There are 2 protein chains.
Amino acid sequence: MLTIGAMARKTGTKVQTIRYYEQIGLMPEPGRTEGGQRRYGDAELDRLSFVRHARQLGFSLDAIRELLNLSDNPGTSCAEADAIARRQLKQVEQRLSRLEALRTELERMVHECSGGRTADCRVLEVLRDHSECLTEHDEVGL
Amino acid sequence: MLTIGAMARKTGTKVQTIRYYEQIGLMPEPGRTEGGQRRYGDAELDRLSFVRHARQLGFSLDAIRELLNLSDNPGTSCAEADAIARRQLKQVEQRLSRLEALRTELERMVHECSGGRTADCRVLEVLRDHSECLTEHDEVGL
DNA sequence: CTTGAAGCTATAGCTGCTAGAGGTCGTACA
DNA sequence: TGTACGACCTCTAGCAGCTATAGCTTCAAG
């Protein structure tokens, strides 16, 4: 039987975060000692690992909830899990291309700065005048 | 004289967001009509454009506050603005490499899914067992 | 003079945690 | 058996950066 602290150590999660997952229904309510402290078994450890791993891959808590449901019903088609993963991949790709545009723009800003006075600082100038941008970059969004 | 709605349209900002920027001191308190409605001039429009553009480039509101201060004092050295931009560039580069690792991992998950039952869905399997990952991907962080 | 869009304030909510206060439990050691 | 002390408990508030709602007032066109 694992304490919440042991769970936290094994999964690299903060104790508070585990309690938060319980609160929002991602983790089940565990058993308690007589004094009211949580005690976990291996199933809960696996579930928490699943959640953490999915978070590291950038899945939202809502997506993870769905994935957990699918994982709990092993007979159903995996098409849905696949769809969720594809959606996530698409998002990551979109973010990547936006970030690449930003990198280009920032590099240009930084390389053109000659180190003089702010009056003619290229960094500030570019920020002042959007038309100087080579790329479109509307919304960074995560 | 521009209404808040006109400002919003011209800069692609929500009206509420402009009021929010005023509240946190990023935008100055504008003049008002007798009835209490905000009226803006060109200086405010420029400032808001600056803020929005910097946001699109991923700068935090705190960084923008600093950049605005520098922009307001044209005599000072632009070294600081340069430093802020470089910091931002570094962050973007870090995010890029993390996202690239995620993309690789997600692609692998998705490509290996054969479309069967969730019992042996590769997507769920990978999530269950972190050791199957080829790359390290601790923390996505924005 | 009326109508309706656009403005106003104030407050709460979103995601995904994280931190703090103030108190209780569990266990190892003397 | 007592006690010390770390780990646990609940509850609440806070972070970024907005966004949305409710309930009201103002502005400008017809």
Side-chain angles (χ1 to χ4, degrees), chain A residues 1-27 29-40 44 48 50-68 87-88 91 95 98 138-142, chain B residues 1-27 29-40 44 48 50-68 87-88 91 95 98 138-142:
Chain A
M1 283 299 167
L2 297 161
T3 64
I4 197 169
M7 289 276 281
R9 254 171 278 123
K10 276 172 185 278
T11 59
T13 314
K14 300 241 160 111
V15 166
Q16 296 285 45
T17 305
I18 300 175
R19 292 201 274 249
Y20 170 70
Y21 288 160
E22 181 184 328
Q23 201 183 297
I24 62 168
L26 260 196
M27 289 293 291
E29 291 189 22
R32 301 268 186 157
T33 63
E34 296 224 334
Q37 298 195 354
R38 292 168 179 82
R39 287 300 121 97
Y40 297 93
E44 281 105 325
L48 182 56
F50 185 107
V51 171
R52 291 311 289 175
H53 191 191
R55 283 298 295 141
Q56 284 167 357
L57 287 167
F59 288 96
S60 70
L61 294 180
D62 265 2
I64 293 171
R65 213 186 294 272
E66 285 186 75
L67 290 167
L68 281 168
R87 225 185 296 143
Q88 179 63 19
Q91 261 186 37
R95 266 179 239 164
R98 263 177 278 150
D138 300 314
E139 301 296 308
V140 177
L142 183 54
Chain B
M1 283 299 167
L2 296 161
T3 64
I4 197 169
M7 289 276 281
R9 254 170 279 123
K10 276 171 185 280
T11 59
T13 314
K14 299 241 159 113
V15 166
Q16 297 285 43
T17 305
I18 300 175
R19 291 200 275 248
Y20 169 70
Y21 288 160
E22 181 184 328
Q23 202 182 298
I24 63 169
L26 260 196
M27 289 292 292
E29 291 190 23
R32 301 266 186 158
T33 62
E34 296 224 333
Q37 299 196 352
R38 291 168 179 81
R39 287 299 122 98
Y40 297 93
E44 281 104 326
L48 182 56
F50 184 107
V51 171
R52 292 312 289 176
H53 192 192
R55 284 297 296 140
Q56 284 167 356
L57 287 167
F59 288 96
S60 71
L61 294 180
D62 266 3
I64 293 171
R65 214 186 293 272
E66 285 186 75
L67 290 168
L68 282 167
R87 225 185 295 142
Q88 180 63 21
Q91 262 185 37
R95 263 178 244 166
R98 264 177 278 151
D138 301 314
E139 301 296 308
V140 177
L142 183 56

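The shown structure was predicted, so the numbers you read here are calculated from the model rather than taken from an experiment.
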Taking the side chain as everything from C-beta on, heavy atoms only, tell me whether A:Arg38 gets closer than 4.5 Å to A:Met7. no

Could you tell me how far apart B:Glu22 (CD) and D:dG17 (C1') are, to the nearest whole angstrom? 17 Å

Could you check whether any side-chain heavy atom of B:Asp62 comes within less than 4.5 Å of a side-chain heavy atom of B:Glu66, counting everything from C-beta outward? no

Tell me, please, which residues at least two apart from B:Gln37 pass side chain to side chain contact (heavy atoms under 4.5 Å, CB included). B:Thr33, B:Arg39

Residues in salt bridge (Lys or Arg N to Asp or Glu O under 4.0 Å) contact with B:Arg9, at least two apart in sequence or another chain: none

Separation of A:Met7 atom CE from D:dC9 atom C1', in whole Å? 17 Å

Could you pull out all residues at least two apart from B:Thr17 that satisfy side chain to side chain contact (heavy atoms under 4.5 Å, CB included)? B:Thr13, B:Lys14, B:Tyr21, B:Arg52

Does any non-hydrogen side-chain atom of A:Tyr40 lie less than 4.5 Å from one of A:Leu48? no

So, OP1 or OP2 of D:dC18: does either fall under 4.0 Å of a side-chain N or O from B:Thr17? no

Value rounded to 0.5 Å, distance of CG in B:Leu26 from OH in B:Tyr20: 8.0 Å

Interatomic distance, CD1@B:Ile24 vs CD@B:Glu22, rounded to 0.5 Å, equals 11.0 Å

Counting the atoms with a prime plus P, OP1 and OP2 as sugar-phosphate, which does A:Phe59 contact under 4.0 Å by heavy atoms, base, sugar-phosphate, or nothing? nothing

Gap between atoms CD and P, on A:Gln56 and C:dC17 respectively (whole Å): 11 Å

Those residues of residues 60-67 of chain B lying under 4.0 Å from DNA chain C by at least one heavy atom: none

Nucleotide C:dG26, atom P - distance to CG of A:Leu2 in whole Å: 16 Å

Could you check how far CD1 of B:Ile18 sits from P of C:dT9, rounded to whole Å? 13 Å

Consider the side chain of A:Tyr20, meaning its heavy atoms from C-beta on, and name the nucleotide among C:dT18, D:dC18, D:dT10 that approaches it most closely. C:dT18

Specify the separation, in whole Å, of atom CD of B:Glu29 and atom P of C:dT9. 10 Å

Report which part of the nucleic acid A:Ile24 touches: base, sugar-phosphate, or nothing (heavy-atom distance under 4.0 Å, all strands). nothing

Would you say the side chain of B:Thr11 lies within less than 4.5 Å of the side chain of B:His53, judging by non-hydrogen atoms? no

Using a cut-off of 4.0 Å on non-hydrogen atoms, how would the nucleic acid contact of A:Arg38 be classed: base, sugar-phosphate, or nothing? sugar-phosphate

Over all strands shown, is A:Arg32 touching base, sugar-phosphate only, or nothing at heavy-atom distances under 4.0 angstrom? sugar-phosphate

With A:Lys10, which residues qualify under side chain to side chain contact (heavy atoms under 4.5 Å, CB included), at least two apart? A:Leu2, A:Leu45

Separation of D:dT10 P from A:Arg19 CZ (nearest whole Å): 7 Å

Round to a whole Å and report the spacing from CE of A:Met1 to C1' of D:dC8. 17 Å

Any side-chain N or O of A:Tyr21 below 4.0 angstrom from OP1/OP2 of C:dC17? yes

Base contacts versus sugar-phosphate-only contacts with protein, heavy atoms under 4.0 Å: please encode nucleotides 21-30 of chain D as B, S and - from 5' to 3'. B----BS---

